[in-house]
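Encoded as structure tokens, the structure appears first; notes follow it.
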Amino acid sequence: MKLILSILYIVCTFLCKNVLSFALLLLSAVLLLLISRIPPRIVLRSLRALLFVMLFTAVLNLLFTKGETELFAFWRIHVYVEGVYSAVFMLVRIMVLILSTSLFLTYTTTPIALTDAIESLLSPLRVVHLPVHEFAMMMTIALRFIPTLMEETDKIMNAQKARGVDFSSGGLIKRAKALIPILIPLFISAFRRADELAMAMECRCYRGGKGRTKMRVSHLHASDFVALLMMVLFGAAVLYLNRLGLFYTL
Amino acid sequence: MATVTLEHVSYIYGKGTPFEIKALDDVSLTVKSGRVTGIIGHTGSGKSTMVQLLNGLEKPEGGRVLLDGADIWENPKNMQAIRFRVGLVMQYPEYQLFEETIEADIAFGPRNMGLDEEEISKRVREAAAFVGLEPELLQKSPFDLSGGQKRRAAIAGVMAMRPEVLVLDEPAAGLDPRGRDIILRGIREYGERTGSTVIIVSHSMEDMAAYCDDIVVMYQAKVFLAGTRDEVFSHAGELASVGLDVPQITHLALLLKKRGVPLPDAIYTVEAARDCLRTLLQ
Amino acid sequence: MTMNDIYIHAKNLVYAYREEDGLKMPVLHGISLDIKRGEYVAVLGHNGSGKSTFAKLLNMILEPESGELVVAGRDLCSPELTEDDLFALRREVGMVFQNPDNQLVATIVEEDVAFGPENLGVPPAEIRKRVDEALETVGMTAYARHEPHRLSGGQKQRIAIAGVLAMRPSCVILDEATAMLDPVGRREVIETVERLNREAGMTVITITHYMNEAARADRVVVIDDGRILMDGTPREVFSQPEKLMAAGLDVPQCTALVHALSEEGISLKGTPITTEECADLICRALEEKKNGNRNA
């Protein structure tokens with residue numbers, strides 16, 4: 001359910017086309033943040049990680065949007081008012097996108113529930129013989145092993161540092177070369193882990209999705225429908241504000 | 001031939017988060033040059049953190065780490081040179097092997113030091129001999145070796161840098177008795193032959209009793225006891241009281257003393273117990 | 001012993017690894033062994049002795065080359081063995097492996113414990129019940145919603161045991177499950193399976209190279225070079241330290257002490273396993289000597 005909501009929300013962010021609807025969007029994101037009671041510091045950290053991508057898109061928009069009102073020109077670069085608008089919009093859009101997905105999914109949902117949701121959403125595809133269960137299982141396992149492998153990377157890096165590898169100096173080629181003593185052991189270890197895990201799963205009678213049950217069956221509650229209704233209203237509001245066409249419209 | 005000193009060293013994990021853990025709390029300690037020192041304690045007692053402080057992989061929160069009297073953080077740019085002097089073997093080091101042959105892998109450290117080929121090959125052979133790897137194994141791929149052999153190759157990889165201080169974190173973990181003895185004996189031999197200072201971190205009191213000269217007992221981020229084997233094991237009762245696994249033979253000696261059998265304070269090897277009881281029983 | 005009491009029956013069991021070039025590398029050369037229902041057996045052997053291979057044959061992770069193998073009433077060498085038989089066998093014979101990180105599937109403890117019964121198609125309400133019970137049994141109820149990678153090694157292995165228990169097995173095999181743990185973790189795991197053995201009558205087979213663990217079992221089987229070298233009570237096995245040492249193994253220090261004294265001409269009667277037994281033995285010898293001196 002959360003998954004459907006967040007997909008709808010993402011669609012909404014792309015529908016936003018003018019100042020007003022963007023203002024509504026920002027407001028809704030802030031409200032959601034407040035409701036979720038997630039420490040702002042953590043949210044900011046997740047934003048910081050993608051700062052580069054955000055800035056890059058903004059700059060691209062700034063430079064390559066052609067409009068009528070030229071703001072200023074420098075050498076062969078023309079910056080238009082439209083470009084500034086679209087850059088700002090893009091920035092807000094990505095920000096809200098990251099905020100909302102992380103809000104809806106990673107911070108308030110366990111990974112297992114998430115993969116379960118994906119599995120049930122994709123389940124209609126089973127009719128055309130897509131391995132939906134296997135895909136969901138793969139995601140679970142990937143999520144489970146990310147911290148383990150990160151820890152392992154750290155350990156291997158320390159071990160190679162102790163043998164005199166220097167990761168922090170030298171040119172690009174030298175640094176790339178320094179990665180070999182990390183990547184090879186890491187790959188080998190990942191394969192070994194995969195092998196052992198497969199064996200352990202077989203021992204626990206795993207044989208794909210066939211005849212499998214779930215401990216947690218997700219049911220829809222009244223609150224879920226209320227949330228869905230609100231989301232539809234929100235989408236409608238965005239569309240309406242777009243129509244008004246006040247100020248600037250993309 | 002190098003002395004390692006910790007001066008009021010503190011280290012905190014996850015500082016500023018709710019998960020803040022004090023790993024080392026104002027620890028002062030001198031590891032004597034040319035001796036084998038065992039650092040022992042529970043998981044989470046701070047012993048593994050200490051190891052990473054010794055060669056500058058981690059920086060102490062407070063206090064200083066001294067190598068022959070000089071602070072290793074005095075010139076952080078020089079850390080690589082410190083790491084060649086203080087060789088560190090991490091836990092389960094067999095997972096760091098990556099070269100095509102054992103020989104190339106052992107040579108990796110010395111090559112990073114910029115030694116010439118002749119010296120490298122000399123050191124590889126010498127290091128392999130310390131840990132009892134037969135010369136014919138050197139041309140094999142690490143993946144054709146048994147677990148115990150891989151472990152020995154990884155340890156040889158650090159020995160080949162001929163560090164003045166050799167630090168090993170749980171070098172015998174998970175090995176069977178024979179594999180364990182080969183490795184611990186090899187490590188002692190390295191210390192004796194090269195005069196290097198050796199520091200072994202372990203949670204096996206039995207191994208430490210058999211292979212170390214000095215013992216440091218860590219408990220709740222502090223040094224609980226430190227001294228020669230005899231000194232530390234004369235406090236065997238206290239060790240047992242904080243839940244450390246003293247060797248079974250030490251347990252036995254404590255039990256016998258309680259029952260009035262006149263035994264000396266520190267018994268930690270089967271041989272010592274045998275000799276004492278022989279005189280009593282003959 | 002009737003056929004009914006025998007849980008595992010192996011006769012002339014042979015296993016060989018197939019190398020890439022098709023060559024066979026023999027690992028087990030004819031293991032014959034009967035294990036009773038409810039027995040607590042330690043299988044000792046150095047690394048590469050074949051002890052882990054033996055364990056993996058018991059729930060058909062590996063297939064025997066030749067010989068007889070009957071586990072929980074199923075003939076594993078029968079050509080009629082179906083896939084369903086295989087899963088029924090694996091439900092009954094649970095395995096816990098060496099590396100605690102490589103056998104937990106899910107990102108939340110209770111979800112991981114549920115993995116086995118989910119695979120078996122157990123109804124949701126029943127799974128919930130089994131998961132709660134299993135976590136209770138291993139003393140990890142408080143950690144039900146935790147992430148496994150934040151737990152200690154011993155705790156992870158107890159979760160793995162809970163995962164096995166939720167399938168309602170009749171036998172638990174620990175395949176060097178304590179090798180990567182510290183002494184505290186090792187104790188947690190051993191005490192957990194010992195409780196299962198005593199209280200639920202579960203058959204427990206522990207593959208190990210720790211002598212102190214083997215000393216606690218009802219029976220010790222020593223495998224060396226793919227063959228059974230010794231088989232008996234811990235006392236019987238540890239009374240032959242030379243034979244164990246030759247197989248790359250050890251004896252508990254107390255047993256070694258009594259043996260060392262006997263080599264010096266001081267023979268104490270018996271093979272003590274525990275510290276208390278050994279202390280009793282020595283005190284008795286000292287007492288006898290005192291009396292002897294007085295009489296003389």
Side-chain angles (χ1 to χ4, degrees), chain B residues 19 40-45 47 91-92 146-149 151 170 173-182 202-206 209-210 243-263 267-282, chain C residues 44-49 51 98-99 150 152-154 176 178-187 208-212 215 244-245 247-268 272-283 285-286 288-289:
Chain B
F19 308 106
I40 195 158
H42 291 300
T43 305
S45 62
K47 58 186 176 16
Q91 258 182 59
Y92 299 100
S146 75
Q149 286 169 330
R151 174 84 52 92
E170 297 285 359
L175 295 179
D176 59 16
R178 187 186 284 161
R180 177 196 67 202
D181 287 339
I182 292 175
S202 172
H203 45 230
S204 166
M205 227 24 143
E206 246 166 67
L244 281 163
D245 270 11
V246 300
Q248 193 189 22
I249 207 76
T250 309
H251 259 304
L252 176 72
L254 284 173
L255 205 61
L256 286 173
K257 268 203 290 197
K258 224 187 260 167
R259 296 192 190 181
V261 180
L263 285 174
I267 286 190
Y268 43 82
T269 61
V270 174
E271 291 70 34
R274 178 198 61 198
D275 295 343
C276 292
L277 287 169
R278 188 179 46 204
T279 42
L280 284 174
L281 284 166
Q282 248 162 9
Chain C
L44 271 179
H46 65 79
N47 293 342
S49 59
K51 61 185 194 299
Q98 183 177 30
N99 193 330
R150 292 192 194 279
S152 75
E176 299 199 49
T178 57
M180 292 178 78
L181 305 182
D182 64 358
V184 177
R186 222 176 289 154
R187 210 175 308 139
T208 182
H209 51 239
Y210 290 112
M211 304 306 130
N212 296 341
L244 281 168
M245 305 272 208
L249 297 169
D250 240 341
V251 290
Q253 285 187 320
C254 281
T255 321
L257 172 68
V258 171
H259 187 75
L261 282 169
S262 82
E263 278 183 336
E264 306 266 327
I266 302 163
S267 71
L268 304 173
I273 304 286
T274 67
T275 324
E276 283 75 19
E277 280 173 14
C278 188
D280 288 345
L281 204 64
I282 290 167
C283 285
L286 286 169
E288 273 168 26
K289 184 181 163 256

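Note: hydrogens, waters and symmetry copies are ignored here, and every other heavy atom, side chains too, is used. Residue numbers start from 1 in every chain, and the chains themselves are labelled A, B, ... in the order their sequence lines are given, proteins ahead of strands.
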Cut-off 4.5 Å, heavy atoms of chain B, and the answer for C:I266 is side chain
Portion of B:V261 that has a non-hydrogen atom of chain C nearer than 4.5 angstrom: side chain
Calculate, to the nearest 0.5 Å, the distance between atoms NE2 and CZ belonging to C:H46 and B:R178 respectively. 5.5 Å
Could you tell me which portion of B:R259 (side chain, backbone, both or neither) has an atom closer than 4.5 angstrom to a non-hydrogen atom of chain C? side chain
Note: C:D250-B:R180 ion pair, threshold 4.0 Å (strictly below): yes
Might you point out which heavy atoms bring B:L256 and C:C283 nearest each other, and give the distance in Å? CD2-SG, 3.9 Å
Please report the shortest heavy-atom distance between B:G174 and C:H209, naming the atom on each side. O-CE1, 3.2 Å
So, the part of B:L244 with a heavy atom under 4.5 Å from chain C: the answer is neither
Against chain B, label C:M245 side chain, backbone, both or neither, depending on which of its atoms sit under 4.5 Å from a heavy atom there. backbone
Residue, of C:A256, C:P252, C:C254, that accumulates the most heavy atom pairs under 4.5 Å with chain B: C:C254
Turns out that what part of C:S49 lies under 4.5 Å from chain B's heavy atoms comes down to neither
On a heavy-atom basis, the closest approach of B:P247 and C:Q253 is CB-OE1, 3.5 Å
Residue C:E263 versus chain B: region with a heavy atom under 4.5 Å: neither
Applying a strict 4.5 Å limit to non-hydrogen atoms, the region of B:T43 in contact with chain C is both
Of the backbone (N, CA, C, O) and the side chain (C-beta and beyond), which part of B:E206 lies under 4.5 Å from a heavy atom of chain C, both, or neither? side chain
Under 4.5 Å from a heavy atom of chain C, the part of B:L280 involved: both
